[in-house]
Amino acid sequence: MPEGHSLHRLARRLRRDLVGRPTRAWSPQGRFAEGAAEIDGDVAASSDAYGKHLVLGYESGRLLHVHLGLFGKMGRRRDPSAEPRGAVRLRLATDRSAWDLRGPTACHLITPGDLDRLLGRLGPDPLRPDAYPTPALARIARSRRTIGELLLDQSIIAGIGNVYRCEILHLVGMAPQTPGRATGEHERARMWDLAVSLMAEGASAGRIVTFPQPSTDGRRLYVYRQETCGSCGGPVTRAALGARPAHWCPRCQPEEGP
DNA sequence: CACTCATGTACAC
DNA sequence: TGTACCTGAGTGG
């Protein structure tokens, strides 16, 4: 699940649950024992998502940075004293609940300088109200890289993952191989607007839905990991683009010139 | 049941 | 460039 929408949803739930409360922290699995000890008992002050990154702030000024990666999870337990199950990297518990972090790519305490550097290498996040997309869209307009690669580059736009990339390209009718510089201004603006609206819906719903609901066959996506295209019913093509498999409909998303 | 693959980085080499 | 992360949905036997 963890594209940007999941992290924003998680940040909101953690904010509701943790902020303002003294929070016990420890590492049942042991791999974050020292970091957890540093924030143990601290009062949580903020919970924010930036693209796919989660940052919890504490009243002491300490900052906890989490990136879930591909299969990291952070799940809520109602009973704060419930026994952790499995490989729990970090448990955060207040008087009302506990949160268990498993399998993250990153879980570190960071300095304000680290946070600045992190934010400095992220592009605008469609889910942040202050996001300013103009320079990012201009970079796409100048780039010889493919639009499929550019949409996954977190330093251009932060928070889009493989599902949203494929779905957004379908909705604008563009093949992922299209060079950034071959995209039109209107198409670039529409890709950004789609990212904003689709990811906001995903954050509220808790899952990615791009196909109009209710769909008769339970379909939620047009092309990502689909056999047939949700628009025309034709076969969906799958091919690695950069490191990751892209899915698109060659009929609805024709390749354009360079 | 065993096995593969996945919504993604981070780091070792 | 390859591997770690070590979850969980889906597939096949």
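In what follows, every chain begins at residue 1, and chains take the letters A, B, ... in the order their sequences are listed.
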Which part of the nucleic acid, if any, lies within contact of [X], taking any heavy atom under 4.0 Å across all strands shown: a base, the sugar-phosphate backbone alone, or nothing?
X         : answer
Pro245(A) : sugar-phosphate
Arg165(A) : nothing
His247(A) : nothing
Arg238(A) : sugar-phosphate
Gly69(A)  : base
Gln29(A)  : sugar-phosphate
Tyr164(A) : nothing

Spacing between [X] atom [atom1] and [N] atom [atom2], to the nearest angstrom:
X         : N       : atom1 : atom2 : value
Asn162(A) : dT7(B)  : CG    : P     : 5 Å
Arg89(A)  : dA10(B) : CZ    : C1'   : 12 Å
Gln154(A) : dA10(B) : CD    : P     : 9 Å
Met199(A) : dT7(B)  : CE    : P     : 15 Å
Leu152(A) : dG8(B)  : CG    : C1'   : 9 Å
Phe71(A)  : dT9(B)  : CZ    : P     : 14 Å
Ile208(A) : dT7(B)  : CD1   : P     : 10 Å
Leu151(A) : dT7(B)  : CG    : C1'   : 15 Å

Quiz item: Do Leu109(A) and Met74(A) sit in the same hydrophobic cluster, where Ile, Leu, Val, Met, Phe, Trp and Tyr count as joined when their side-chain heavy atoms come under 4.5 Å apart?
Solution: yes
Quiz item: When hydrophobic residues are tied together by side-chain contacts of less than 4.5 Å, even through go-betweens, does Tyr224(A) share a cluster with Val209(A)?
Solution: no
Quiz item: Side chains of Arg219(A) and Thr228(A): do they bring a donor and an acceptor to under 3.5 Å?
Solution: yes
Quiz item: Under 3.5 Å, is there a donor-acceptor pair between the Asp114(A) and His108(A) side chains?
Solution: no
Quiz item: Looking only at atom types and distance, does a side-chain atom of Glu167(A) sit under 3.5 Å from a main-chain N or O of Val223(A), one as donor and one as acceptor?
Solution: yes
Exercise. Would you please confirm or rule out a distance under 4.0 Å between OP1 or OP2 of dT7(B) and any side-chain N or O of Arg244(A)?
Key: yes
Practice problem: Ignoring backbone atoms, test whether Lys52(A) places a side-chain nitrogen or oxygen under 4.0 Å from the OP1 or OP2 oxygen of dT9(B). | Solution: yes
Practice problem: Walking along DNA chain C from 5' to 3', note the first and the last nucleotide with an atom under 4.0 Å from a heavy atom of chain A, and give both. | Solution: dC5(C) to dG8(C)
Exercise. Heavy atoms only: give me the nearest Lys52(A)-Leu7(A) pair and the separation to one decimal.
Key: O-CG, 3.3 Å
Self-check item: Beyond-backbone contact of Leu150(A) with Thr183(A), side-chain heavy atoms, under 4.5 angstrom
Solution: no
Quiz item: If the P atom of dT3(C) is compared with that of dC5(B), how far apart are they to the nearest Å?
Solution: 15 Å
Self-check item: Interatomic distance at C1', dG8(C) relative to dA10(B), whole Å
Solution: 22 Å
Quiz item: Taking everything shown except Arg24(A) itself, do over 12 heavy atoms lie less than 6.0 Å from its CZ?
Solution: no
